[in-house]
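FYI, the numbering just counts along the sequence from 1. For the numbers below, each heavy atom of this structure counts, side chains included, while hydrogens, waters and symmetry mates do not.
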Amino acid sequence: MAVYKGRGATGNPQPRFLKPAIEQVDDGWYRDEVPDSIATQVRPEAARSIITRNDSPDIPFEQSINPYRGCEHGCAYCLSGDTTILMCNGSTRPIADIRPGDEIYGTVRRGCYRRYVRTRVLAHWSVIKPAWRITLEDATELVAGADHRFLTERGWKFVTGTQCGASQRPHLTMGNKLMGTGAFSAAPVHDEDYRTGYLCGMIRGDGTLCEYPYFPSGKKPQMVHRFRLALCDTEALDRAQNWLGVASVETKRYSFCVASSHRRAMEAIYAQTRHKVLQIRELVAWPASPSRSWRLGFLAGIFDAEGSYSCGILRIPNTDADIIHWICESLRTLDFSFIVEHVHREPGKPIDVVRLLGGLRAVLRFFHTVDPAIMRKRSICGQAVKSEARLGITRIEPLGGATRLYDISTGTEDFIANGVVSHNCYARPSHAYMDLSPGIDFETKIFYKADAGRLLEQELGARGYVPKPITIGANTDPYQPVERELKVTRSLLEVLERTRHPLSLITKGTLILRDLDLLRSLARDRLVNVFVSITSLDADLKRTLEPRAASPQARLRVVRELVAAGVPTGVLVAPIIPAVNDCELEDIVAAVAAQGATKAGYVLLRLPHELKGLFRQWLDEHLPERAEHVMSLIRAARDGRENDPRFGSRMVGSGAWAQLLRDRFALACRRHGLSMGRMRELSVEHFRSPALGGQISLPL
């Protein structure tokens with residue numbers, strides 16, 4: 001099968017309603033700017049119907065058809081499959097092995113800092129595309145796609161870009177420093193030395209190991225041998241019991257105390273024979289020449305028994321001078337920096353507290369190399385995203401060819417990959433509504449309505465069908481690049497033209513001019529309206545808002561040629577974004593009026609859940625100096641919220657700012673002779689219902 005230019009994808013879970021067949025076509029998308037990309041995959045959808053009915057009072061049509069599901073806009077992702085992700089239990093896992101539902105760390109902005117928080121993986125997918133290698137000062141290597149974004153000291157930046165031209169965008173340079181924890185360390189091997197060290201630290205720190213005489217009444221004195229380890233955290237107790245079993249020391253388990261309003265439930269393991277207690281004593285004896293693995297296990301055990309991590313500080317306290325000595329020697333051998341604080345207590349023994357130095361980077365190195373069992377003690381939630389790690393960029397280079405890359409979608413829209421903060425891909429609402437993946441489906445898979453023309457003809461010919469105008473392109477643009485080859489929209493127009501059925505088209509592309517012959521025929525009987533969407537006349541702003549859509553000048557040309565062909569054409573100024581493109585409102589109206597447009601409408605930016613994070617990130621990247629001002633104006637136009645789902649106000653907003661926008665738009669339309677609102681009423685009197693077999697019935 002031929003491989004064409006464009007982007008392709010595999011490995012994403014298929015939506016349940018798709019046929020397994022895959023057809024690769026040349027999408028012609030971004031042809032000059034992505035010469036080495038992979039072909040888009042196009043899949044037919046075995047739809048049973050083609051017309052969607054609508055009863056929303058905010059939508060000016062009752063029937064619509066969406067020839068395509070998905071839209072060929074680029075997403076910002078992906079990472080190499082062996083990139084390690086920081087999990088919420090303090091461990092790491094390759095991104096290729098991540099699954100939806102997994103708990104990982106992301107970040108949110110609180111006050112002056114971004115802080116680490118728990119989040120869930122919402123989706124996981126892979127693509128095949130060209131990759132780049134980013135090398136950092138600490139020798140960390142990151143393999144990512146050109147469109148992936150990393151958090152730098154100057155905000156989010158793409159892997160590649162330019163300072164000017166079509167691919168202008170914030171991108172990584174040699175002067176940038178990435179933000180994050182620093183490179184993750186490898187986990188230890190749980191060999192025999194590690195297990196012995198862990199049992200030594202755990203039992204010496206929190207266990208009871210004793211022998212004492214017992215004098216039963218009237219009987220001969222007996223020697224009691226006892227071992228007991230009681231803990232609230234079952235992870236450490238399970239580990240200790242299992243590893244004692246590996247060393248041939250079987251223990252029993254029981255409930256030590258039940259939970260109450262001021263304490264947690266505790267379980268315990270115990271042994272009461274002389275032989276077992278002697279075995280345990282041998283296991284926890286101080287070694288003459290401890291190995292590195294023993295020291296790692298000992299630190300894990302003593303941390304589980306006595307240590308804590310809170311407010312950004314890792315501490316291990318103890319009153320036993322020998323235990324403090326072994327903690328210090330082990331940390332020193334493993335190149336950790338620390339101090340010992342002596343605390344005098346009255347009453348009670350003085351206590352020494354070993355405190356780790358080096359901030360979050362050192363804490364994570366401790367957790368990963370030592371590997372304590374108790375996960376609640378390994379939480380970094382609330383810690384600020386700042387580090388002394390050497391994360392400056394030293395090299396950015398293309399790898400050549402295509403590489404399988406992975407990405408995930410999370411609740412915070414980011415995650416920690418190889419010790420740096422990475423941005424994820426976030427799905428558009430239409431894809432969430434359709435159960436499509438936020439990754440491959442959104443960027444590289446287009447689903448088209450198989451046999452669209454035949455399905456439409458069947459529905460128009462159904463008994464009792466009442467003709468009402470149909471809107472094509474209400475959800476996604478009907479003139480996707482693959483329309484050049486598939487001609488799905490063309491097949492719908494042919495049926496509608498043949499049956500003389502009224503329709504409206506909404507597009508921001510230029511491919512609509514291909515169908516001027518059909519549109520002219522429909523226009524003669526008042527059967528068609530066309531709306532062209534124009535967001536901005538500023539080409540630079542268009543590149544960031546709609547990077548792969550037609551230019552403003554091309555869209556104005558579409559308006560001009562449609563009008564010249566006698567096709568009633570209006571313009572949608574959408575979306576209007578406060579303090580971003582609302583200043584262009586009057587200029588856009590004037591420009592489209594000069595091209596012959598007869599109607600104009602607008603839609604205020606909407607931020608339902610799926611889009612809120614995406615838009616906030618866009619602001620942070622492109623307009624950081626006015627991001628808060630933009631959001632405050634949006635809230636002012638949405639009754640204090642970032643999104644208003646109520647009918648009547650969700651499209652145009654409410655409040656003083658929204659009213660001012662309405663007044664400005666109305667004044668501009670009057671000044672240039674444009675009507676506001678809906679296009680002209682379309683005629684249904686010419687409709688000819690198709691009969692079975694494709695024959696057209698004659699009008700009565």
Practice problem: Please report the shortest heavy-atom distance between Val589 and Ala668, naming the atom on each side. | Solution: CG1-O, 3.6 Å
Practice problem: Supply the atom-to-atom distance Leu682 CG to Asn529 CG, rounded to the nearest 0.5 angstrom. | Solution: 4.5 Å
Quiz item: With a 4.5 Å heavy-atom cut-off, do Ser504 and Val530 have their side chains touching?
Solution: no
Quiz item: Under 3.5 Å, is there a donor-acceptor pair linking the side chains of Ser409 and Arg120?
Solution: no
Exercise. Considering non-hydrogen atoms only, spot the tightest contact between His148 and Ser422 and give its length.
Key: NE2-OG, 3.1 Å
Self-check item: Expected output: side-chain Arg500 to main-chain Glu497 donor-acceptor under 3.5 Å
Solution: yes
Quiz item: Can you find a pair of side-chain heavy atoms, one from Leu503 and one from Thr471, that are under 4.5 Å apart?
Solution: no
Quiz item: side-chain contact (heavy atoms from CB on, under 4.5 Å) between Ser654 and Arg638: does it pass, once the steps are laid out?
Solution: CA-CA 6 Å; Ser654 58; Arg638 298 291 187 190; over 6 Å; no
Exercise. List the steps and the verdict of side-chain contact (heavy atoms from CB on, under 4.5 Å) for Ile51 and Leu460.
Key: CA-CA 9 Å; Ile51 301 176; Leu460 297 184; 4.3 Å; yes
Quiz item: Are Thr507 and Asp477 close enough that a side-chain donor and a side-chain acceptor fall under 3.5 Å?
Solution: yes
Quiz item: Is any side-chain heavy atom of Arg514 closer than 4.5 Å to a side-chain heavy atom of Arg490?
Solution: yes
Quiz item: Got a donor-acceptor contact below 3.5 angstrom from the Glu494 side chain to the Gly453 backbone?
Solution: no
Self-check item: Close side-chain approach of Leu496 to Ile472, heavy-atom, < 4.5 Å
Solution: yes
Practice problem: Find the distance between OG1 (Thr119) and CG (Asp414) and round it off to the nearest 0.5 Å. | Solution: 8.0 Å
Practice problem: Heavy atoms only: give me the nearest Phe158-Asp147 pair and the separation to one decimal. | Solution: CD2-O, 3.2 Å
Quiz item: Measuring from Asp407:CG to His423:NE2, what's the distance to the nearest 0.5 Å?
Solution: 10.0 Å
Quiz item: Where does the angle between the aromatic ring planes of His501 and Tyr465 fall among parallel (under 30°), tilted (30 to 60°) and perpendicular (over 60°)?
Solution: tilted
Quiz item: Between the side chain of Thr403 and the main-chain N/O of Leu405, is any donor-acceptor distance below 3.5 Å?
Solution: no
Exercise. Mark yes or no for whether Ser521, through its side chain, and Leu518, through its backbone, hold a donor-acceptor pair below 3.5 Å.
Key: no
Quiz item: Can you find a heavy atom in the side chain of Pro67 that is under 4.5 Å from one in the side chain of Leu492?
Solution: yes
Quiz item: Can Lys487 and Glu483 be counted as an ion pair, charged N to O under 4.0 angstrom?
Solution: no
Quiz item: Roughly how far apart are Ile534 CD1 and Lys508 NZ, rounded to 0.5 Å?
Solution: 11.0 Å
Exercise. Would you mind reporting whether Tyr602 and Ile588 have side-chain heavy atoms less than 4.5 Å apart?
Key: no
Quiz item: Is the side chain of Asp582 donor-acceptor paired with the backbone N or O of Pro578 at a distance under 3.5 Å, no angle test?
Solution: no
Self-check item: Residues Glu457 and Arg498 bridged, charged N to O under 4.0 Å
Solution: yes
Quiz item: What are the two closest non-hydrogen atoms of Leu562 and Leu519, and how far apart are they?
Solution: CD2-CD1, 3.9 Å
Exercise. Quick one: do Val121 and Arg99 satisfy side-chain contact (heavy atoms from CB on, under 4.5 Å)? Show the steps, please.
Key: CA-CA 7 Å; Val121 176; Arg99 294 295 178 265; over 6 Å; no
Quiz prompt | Flag side-chain contact, heavy atom, 4.5 Å: Val532 against Leu572 | solution = no
Quiz item: How far does SG of Cys669 sit from CG of Leu585, to the nearest 0.5 angstrom?
Solution: 7.5 Å
Exercise. Would you please say whether a donor-acceptor pair under 3.5 Å links the side chains of Asp538 and Ser536?
Key: no
Exercise. Considering non-hydrogen atoms only, spot the tightest contact between Pro467 and Val684 and give its length.
Key: O-CG1, 3.6 Å
Quiz item: CZ of Arg555 to NZ of Lys542: how many Å apart, nearest 0.5 Å?
Solution: 6.5 Å
Self-check item: Residue pair Ala597 / Val563: nearest heavy atoms and the distance that separates them
Solution: N-CG2, 4.1 Å
Quiz item: Are Phe415 and Ile408 close enough, and set up right, to give a side-chain contact (heavy atoms from CB on, under 4.5 Å), and what steps lead you there?
Solution: CA-CA 9 Å; Phe415 52 94; Ile408 56 179; 3.6 Å; yes
Quiz item: For Asp663, which residues count as a salt bridge (Lys or Arg N to Asp or Glu O under 4.0 Å) partner, sequence neighbours excluded?
Solution: none
Practice problem: State whether the side chain of Asn581 and the backbone N or O of Thr535 hold a donor-acceptor pair below 3.5 Å, judged by distance alone. | Solution: yes
Quiz item: Is a side-chain N or O of Asp587 found less than 3.5 angstrom from the main chain of Glu584, in a donor-acceptor match?
Solution: no
Exercise. With the side chain counted from C-beta on, respond yes when Tyr479 and Thr489 share a heavy-atom pair under 4.5 Å apart, and no when they do not.
Key: yes
Quiz item: So, Arg520 side chain and Gly566 main chain: donor-acceptor pair closer than 3.5 Å or not?
Solution: no
